[in-house]
Chemist: 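Got a structure for you, questions after.
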Amino acid sequence: MIKITIFGVGLIGGSLALCFKGKPGVTVVGHSNNPASVEKYLKRDVVDHATTSMEEAVRDADYIFLCTPVGTIRQYLHLLSDMPLKPGCIITDAGSTKASIVEAGSQLKRKDVHFIGGHPMAGKEKSGVEAATSLLFENAFYVLTPDTDTPQDAYDRLAKLLEWTKARIVKLDPKLHDGVVGAISHLPHIIAVALVNQIEHYNESNELFGDLASGGFRDITRIASSDPVMWRDILLDNKSVLLNLLKDWNAEIAGFIEMIESGDGQGIEQAFQKANHFRSSLPERRKGVIHSFYDIYVDVPDHPGIIGQIATLLGNCRINLSNIQIIESREDIPGVLRLSFSEESHMDKALELLKKDYAVYV
Ligand SMILES: NC(=O)C1=CN([C@@H]2O[C@H](COP(=O)(O)OP(=O)(O)OC[C@H]3O[C@@H](n4cnc5c(N)ncnc54)[C@H](O)[C@@H]3O)[C@@H](O)[C@H]2O)C=CC1
Ligand SMILES: O=C(O)C(=O)Cc1ccc(O)cc1
């Protein structure tokens, strides 16, 4: 029997548990200090066993996944260092930063227990085991950060186990990981939160700001609804990288201030052209950071039954819909539905089908 133990059975830990549970010869154990959470994991059937005892959770474990907020992962590594673990046990984590965690992992006292940093680069703004799904990592990048003395055999065993997530494994140096992920994930979260808070401030004196906020504002601020504790830990942990990125961000904004002040229309056009060009050159949209699904938007008349009607239409054509969500709906104004697909080909088929009767856009 392969025993996989998960600390922090939330969005990521719960999704990993669902990828492993029920696989031949595998037993998945969840740990929480809170008895009510243990009950919840069992009730939701994401693990085979759950316990509040750390000793019981790690006894004979072949793999240990640390899926708590970044600051807590380091604490768990210190605790595990003094526990009787099975020889050959692989400890890994799911934290969004890697350098300091890999450093803490390298302090493990036992030489027959291996720590390999991990970061599944897929997620969403929702947290908790309620949001967990076995599909979360499909086609997403899953970064592993072995260090120089990680035995190849341990790395291969972990990479093999992770095949059950259907993610694409990428090996990276932890510092390089933090630099790149800081820019493409951590910085956008700061920008989204700063923007929402700026508008919230205006909205305190005039609610028109919130009332009119739609489309573009909602698109680029979805991630501002992410978990505060998780992001507190990420930003504090990736401090030096983020301080440099924020300096560059200030320079970008200062450039806009200058162009607007001096009426430099050509400069503004060039900035938009350059951004458009780079964005269109990015690889096809895939699951992972920022985009979890292939989304399309449909303008629909605001009448009861429209969601069922669209779902049936797609179902009849064997198009698999992952999610359907009303994102705008007001009296007398057409609503907007967001349809999410986990496969691009299904999104394309839905576009073709729906554009006959509705205004559809990507
Ligand atoms: N949310 C996302 O989209 C992604 C998150 N991550 C990383 O994965 C880790 C988990 O994130 P999520 O699953 O989203 O969070 P979550 O909030 O859904 O789950 C966190 C889990 O850790 C437990 N926990 C929280 N504080 C704890 C503490 N002090 N001691 C023990 N357990 C504690 C919670 O009870 C919960 O079970 C974080 O390190 C995060 O940086 C990585 C990729 C994507
Ligand atoms: O909600 C989104 O699109 C995200 O950006 C999710 C996310 C959050 C943190 C990560 O370390 C990786 C992915």
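In each ligand, atom 1 is the first atom listed, and ligand 1 is the first ligand listed. Only this structure's heavy atoms are used, side chains among them; waters, hydrogens and symmetry mates stay out. Throughout, residue positions are numbered sequentially from 1 according to the sequence presented.
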Chemist: Taking N or O atoms only and a 3.5 Å limit, does S185 qualify as a polar contact for ligand 2?
Modeler: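 No - when backbone and side-chain N and O of S185 are compared with those of ligand 2, no distance drops under 3.5 Å.
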Chemist: Heavy-atom contacts with H189 under 4.0 Å: which atoms of ligand 2 show up? List them by number with element.
Modeler: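 Listed by number with element, the hits are 5 (O).
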Chemist: Numbering the atoms of ligand 2 from 1, which are under 4.0 Å from a heavy atom of H119?
Modeler: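 Listed by number with element: 10 (C), 11 (O), 12 (C).
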Chemist: State the atoms of ligand 2, each with its element, that fall below the 4.0 Å cut-off from a heavy-atom position in M230.
Modeler: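 So the answer, numbered in order with elements, is 9 (C).
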Chemist: Go through the structure and list residues passing salt bridge (charged side-chain N to carboxylate O under 4.0 Å, His left out) with E352, not counting sequence neighbours.
Modeler: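 With sequence neighbours excluded, E352 shows a salt bridge (charged side-chain N to carboxylate O under 4.0 Å, His left out) to K355, given in chain and number order.
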Chemist: Is ligand 2 less than 4.0 angstrom away from at least one heavy atom of W231?
Modeler: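 Contact check W231 vs ligand 2: positive.
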Chemist: Name the residues in contact with ligand 1, where contact means a heavy atom under 4.0 Å away: which are they?
Modeler: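 Contacts of ligand 1 under 4.0 Å: G8, V9, G10, L11, I12, Y41, C67, T68, P69, V70, T72, I73, Y76, A94, G95, S96, H119, P120, A122, G123, K124, S127, G128, M230, I234.
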Chemist: Side chains of V9 and V46: closer than 4.5 Å at any heavy-atom pair?
Modeler: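 They are in side-chain contact.
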Chemist: If the cut-off is 4.0 Å to any non-hydrogen atom of I223, which atoms of ligand 2 fall inside it?
Modeler: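 Listed by number with element, the hits are 1 (O), 2 (C).
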Chemist: Looking at S96, which atoms of ligand 2 are within less than 4.0 Å of one of its heavy atoms?
Modeler: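 Listed by number with element, the hits are 9 (C), 10 (C), 11 (O).
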Chemist: Heavy-atom distances under 4.0 Å decide this one: backbone, side chain, both or neither, for K126 against ligand 2?
Modeler: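 No part of K126 is near ligand 2 at this cut-off.
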Chemist: Which atoms of ligand 2 are found less than 4.0 Å from any heavy atom of E125?
Modeler: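 Taking each heavy atom of E125 in turn, ligand 2 has 1 (O) under 4.0 Å.
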Chemist: For D173, enumerate each residue passing the side chain to side chain contact (heavy atoms under 4.5 Å, CB included) test, keeping only those at least two apart in sequence or located in another chain.
Modeler: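 For D173, the residues satisfying side chain to side chain contact (heavy atoms under 4.5 Å, CB included) (neighbours in sequence not counted) are K175, L176.
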Chemist: Can you check salt bridge (Lys or Arg N to Asp or Glu O under 4.0 Å) on E130 and K40, steps first, answer last?
Modeler: CA-CA 9 Å; E130 296 76 11; K40 186 165 65 176; 3.3 Å; yes
Chemist: Quick check on contacts: which atoms of ligand 2 are under 4.0 angstrom from a heavy atom of R222?
Modeler: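 Per the distance check, 1 (O), 2 (C), 3 (O).
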Chemist: Quick one: are W231 and V70 in side-chain contact, heavy atoms under 4.5 Å?
Modeler: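 A side-chain contact is absent here, since even the closest heavy-atom pair is not under 4.5 Å.
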Chemist: Indicate the ring-plane relationship of F20 and F65, choosing parallel, tilted or perpendicular according to the 30° and 60° boundaries.
Modeler: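 Aromatic pair F20/F65 classed tilted.
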Chemist: Going by salt bridge (charged side-chain N to carboxylate O under 4.0 Å, His left out), name the residues that satisfy it together with E261, two or more places apart in sequence or in a different chain.
Modeler: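 So E261 forms no salt bridge (charged side-chain N to carboxylate O under 4.0 Å, His left out) with any residue.
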Chemist: If the plane angle is over 60° it's perpendicular, under 30° parallel, otherwise tilted; pick one for Y76 and F7.
Modeler: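 Geometry flag for F7 against Y76: tilted rings.
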Chemist: For a 4.5 angstrom cut-off between non-hydrogen side-chain atoms, does L11 reach K124?
Modeler: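 The answer is yes, as the side chains (C-beta and beyond) meet within the 4.5 Å cut-off.
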Chemist: Tell me, do I91 and L66 make a side-chain contact under 4.5 Å, heavy atoms counted?
Modeler: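 In contact.
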Chemist: Is any NZ, NE, NH1 or NH2 atom of the basic residue among K111 and D149 found under 4.0 Å from an Asp or Glu carboxylate oxygen of the other?
Modeler: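 The answer is no: the pair does not qualify as a salt bridge.
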